[in-house]
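Single-structure report; data block below.
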Amino acid sequence: MTPDELGQAVLDAVRAAVADGALSDVPVPAKVVVERPKNREHGDYATNIALQLAKAVGKPPREVAAAIAERLRVSDGIAKVDVAGPGFLNITLTADSLGGVAKAIVEADETYGVGTVLAGQNLNLEFVSANPTGPVHIGAVRWAAVGDALARLLQAAGATVTREYYFNDAGSQIERFARTLREVANGRPVPEDGYSGEYIDEIATNVVAANPGLLELPTDEQTAIFHRDGVELMFAEIRSSLEGFGVHFDVYFNERELHDTHMLDAALKRLTDQGNTYEADGATWLRTTTFGDDKDRVIVRGTGEWTYFAADCAYYLNKRERGFDKAVIMPGADHHGYIGRLRAMVTCFGDNPDETLEILIGQLVNLLKDGEPLRMSKRAGNVVLLADLVEAIGADAARYALARYSSDQTIDLDLDLWSRQTNDNPVYYVQYAHARTRRIKANAETFGIGLDEFSAELLDQPADAALLTALSEFPRVVATAAEFRAPHRVAHYLESLAGVYHRWYDTKECRVTPQGDDEVSAGNRTRAWLNEATHVVLANGLRLLGVSAPERM
RNA sequence: GCCCCCGUAGCUCAGUGGAUAGAGCAGCCGCCUUCUAAGCGGUUGGUCGCUGGUUCGAUCCCAGCCGGGGGCACCA
């Protein structure tokens, strides 16, 4: 019996109690969620449904709980129902009923955990979107890890997800980047507002090599070529480093495309048609204050140039026209001030931002070196790159470390600590648990134990029940993490599951292979399924985070 | 000044209304002739920043305050 099925059984008991008058005719909830109690003495599962219904029923919670318990006890697969504390129902399943979960998980394999809570939603998930003026640095790497994990989660929850990277290849920072390349290539110092770093020299050298005679051209023509080829080389490097990190984007969208296809004009026209623009001080403004923004925003500057915000407007419209129900974007922590104007802009287009726009603001990653904060500045060349991070701690640890914290939390990443590769890093704990499932499987095979005989009622040890209930929780963890846009919940769940599994492994009564001269028992054979089910869940969970599930460690 | 995030064990963090607030690391005491000790058991350690409010019930929701971090361009 799965938690969902148990929830349904509890619901049936509530309905029965209402039907026969034990509970007054209260609105019965559509769904009852049972949870895995922290304390094993509280049964396999618990629910606070009686506490929730007590007020409407007009009876003390324990009395309501007793009425439900009485009707739940007679359900199939229920071993025990206790009323506890203020009115909790603590439920213990029969070994037979609970054990069936193991076989179901093994049979579901990679689809175990896949659900439908977000089915039918077509989402555009935009993340990273770092400017092509330098390599991917540590701040952006966080969003690569979190965004990719979130994309996997949303898909597991049934949504259709397009991963998108927005390249700002049309603004003044790109102009500075091009000028920097040109100056450096000509042996002159980096301009005051330019970019520094080894990559600048490399790219400048490569552009010159690819364009013989480049440095003989007039300055303007040089700049144009450095612009064109430099950005292209930077694009390529960013793309390949992200792919190397296991982060794949379905669409790399260039801001330039918005200009080239006149999307900005179309967006401006739409906004003007809606009556939300005006002219002032020689510029064209969007009246975002009407919809809650602090101040109105310029769309066309006095010089006649588009602002970056104008491109944002066009880009949003473009996403909608490509058929996405919702644009989900993950800007950096320093962009939270954009929420107001983006929501207002969406409203200016006539959409409801609560439905078509979702902005996931996360916090910074701070780097510590020798316990001292390391300030990062791309222009000063003082950056830690994706490649550096991977080299220091490995891609698995990096992805896990960056995805395991709530996005609301500022991360202090101590380079010394992480480069030591001690088991301060919980990814080892989880990966070790997975590797252990594979070794046990291999050992079992030498005893001729495969996945054949399965007798659920033999999974009768407390450690079996603890592992089974932990495994059964996975689908709801996935659904909840997807709904809350919180991949870190998966990581914490896996750590918890790994702990339960390690304890199960250490339980003599729960061995997969026989001890000493013992014969292979039905219990051994059945527990091979439980071991395999644990492998399935750990592997599926790690896959959601983009972390490998090693065969051995 | 305005806005966003954070404040929970020595450290890093989970926990978005319920039962004695959890985990990892660090510390201390134990456990390897039997499926990997990158593991397990035990133990030490917390006025959930403060003050009010809502509630049968608040770490969680609301208000104010105090700390820490980050943002507030006709830059991108």
Side-chain angles (χ1 to χ4, degrees), chain A residues 37-39 41-42 46 48 51-52 54-55 60-61 84-88 90 131 133 168 170-176 193 255 280-285 294-295 297-312 332-340 361-364 366 404-414 417 421-429 431-433 435-444 446-447 449 484 486 488-489 491-493 495-496 498-499 501-508 510-518 524 527-528 531 552-553:
Chain A
K38 286 170 243 165
N39 188 337
E41 290 166 15
H42 294 156
N48 63 356
L51 290 154
Q52 288 171 11
K55 193 164 195 174
F88 291 97
N90 290 339
N131 286 351
T133 55
N168 302 128
S172 65
Q173 295 192 6
I174 295 294
E175 304 300 330
R176 290 213 302 265
D193 62 352
E255 179 185 354
D281 305 327
T284 305
W285 300 70
D294 299 334
K295 50 187 287 192
R297 305 293 170 177
V298 171
I299 291 188
V300 185
R301 275 178 255 187
T303 60
E305 295 169 299
W306 296 102
T307 60
Y308 176 81
F309 181 61
D312 276 342
D334 53 346
H335 280 62
H336 82 259
Y338 282 67
I339 296 176
I361 291 289
Q363 299 303 307
L364 297 171
N366 292 317
R404 104 176 263 268
Y405 300 99
S406 161
S407 297
D408 288 337
Q409 194 71 240
T410 303
I411 301 180
D412 289 321
L413 208 56
D414 189 316
L417 178 74
Q421 289 203 31
T422 65
N423 50 0
D424 288 0
N425 187 345
V427 71
Y428 292 124
Y429 187 72
Q431 288 186 314
Y432 182 63
R436 192 170 245 185
T437 66
R438 303 336 288 143
R439 291 304 95 210
I440 289 181
K441 180 190 184 184
N443 291 335
T446 67
F447 284 90
I449 301 170
F484 289 171
H488 75 278
R489 283 171 177 257
H492 283 276
Y493 165 77
E495 289 166 33
S496 160
Y501 175 72
H502 285 312
R503 287 186 279 281
W504 178 78
Y505 166 89
D506 276 318
T507 303
K508 285 194 199 66
C510 297
R511 294 176 56 92
V512 173
T513 57
Q515 212 166 355
D517 298 330
D518 293 353
N524 293 138
R527 289 198 173 85
N531 181 66
R552 63 173 72 233
M553 290 178 77

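Each chain gets a letter, A, B and so on, in the order its sequence line appears, and its residues count up from 1.
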Using atom P of each nucleotide, how far apart are B:rA23 and B:rC62 to the nearest Å?
-> 29 Å

Calculate the interatomic distance between A:Arg503 atom CZ and B:rG24 atom P; express it in whole Å.
-> 7 Å

Which part of the nucleic acid does A:Ser496 contact within heavy-atom distance under 4.0 Å: base, sugar-phosphate only, or nothing?
-> nothing

Between B:rG17 and B:rC60 - C1' atom distance, rounded Å | 7 Å

Please state the C1' separation for the pair B:rC50 and B:rU8 - nearest whole angstrom.
-> 15 Å

Going by 5.5 Å between centroids and 30° between planes, is there a stack of A:His42 over B:rA19?
-> yes

For the pair made of NE2 in A:His502 and P in B:rA37, what is the distance, rounded to whole Å?
-> 10 Å

Indicate whether A:Tyr405 forms a stack on B:rC13; treat it as stacked only if centroid distance is below 5.5 angstrom and interplanar angle below 30 degrees.
-> no

Starting at atom CZ of A:Phe309, determine the distance to atom C1' of B:rA73, rounded to an integer number of angstrom.
-> 13 Å

Rounded to whole angstrom units, what separation is found between the OH atom of A:Tyr429 and the P atom of B:rC25?
-> 8 Å

Under 5.5 Å and under 30°: A:Phe88 stacked on B:rA19 | yes

A:Tyr493 meets the ring-ring contact (aromatic ring centres under 6.0 Å, His included) criterion, sequence neighbours left out, with A:Phe474

Would you sketch RNA chain B in dot-bracket for me? Only Watson-Crick or G-U wobble pairs with both distances under 3.5 Å count, crossing pairs as [ ], other-strand pairs as |, the rest as dots.
-> (((((((..((((....[...)))).(((((.......))))).....(((((..]....))))))))))))....

Sticking with atom P, work out how far B:rA38 lies from B:rU33, rounded to a whole angstrom.
-> 15 Å

Relative to the 5' end of RNA chain B, which residue comes earlier, A:Asn39 or A:Lys441, by the nucleotide with the nearest heavy atom?
-> A:Asn39

A:Arg404 CZ - B:rG24 P separation (whole Å) | 11 Å

Write down the distance between CG (A:Asp294) and P (B:rC2), rounded to a whole number of angstrom.
-> 12 Å

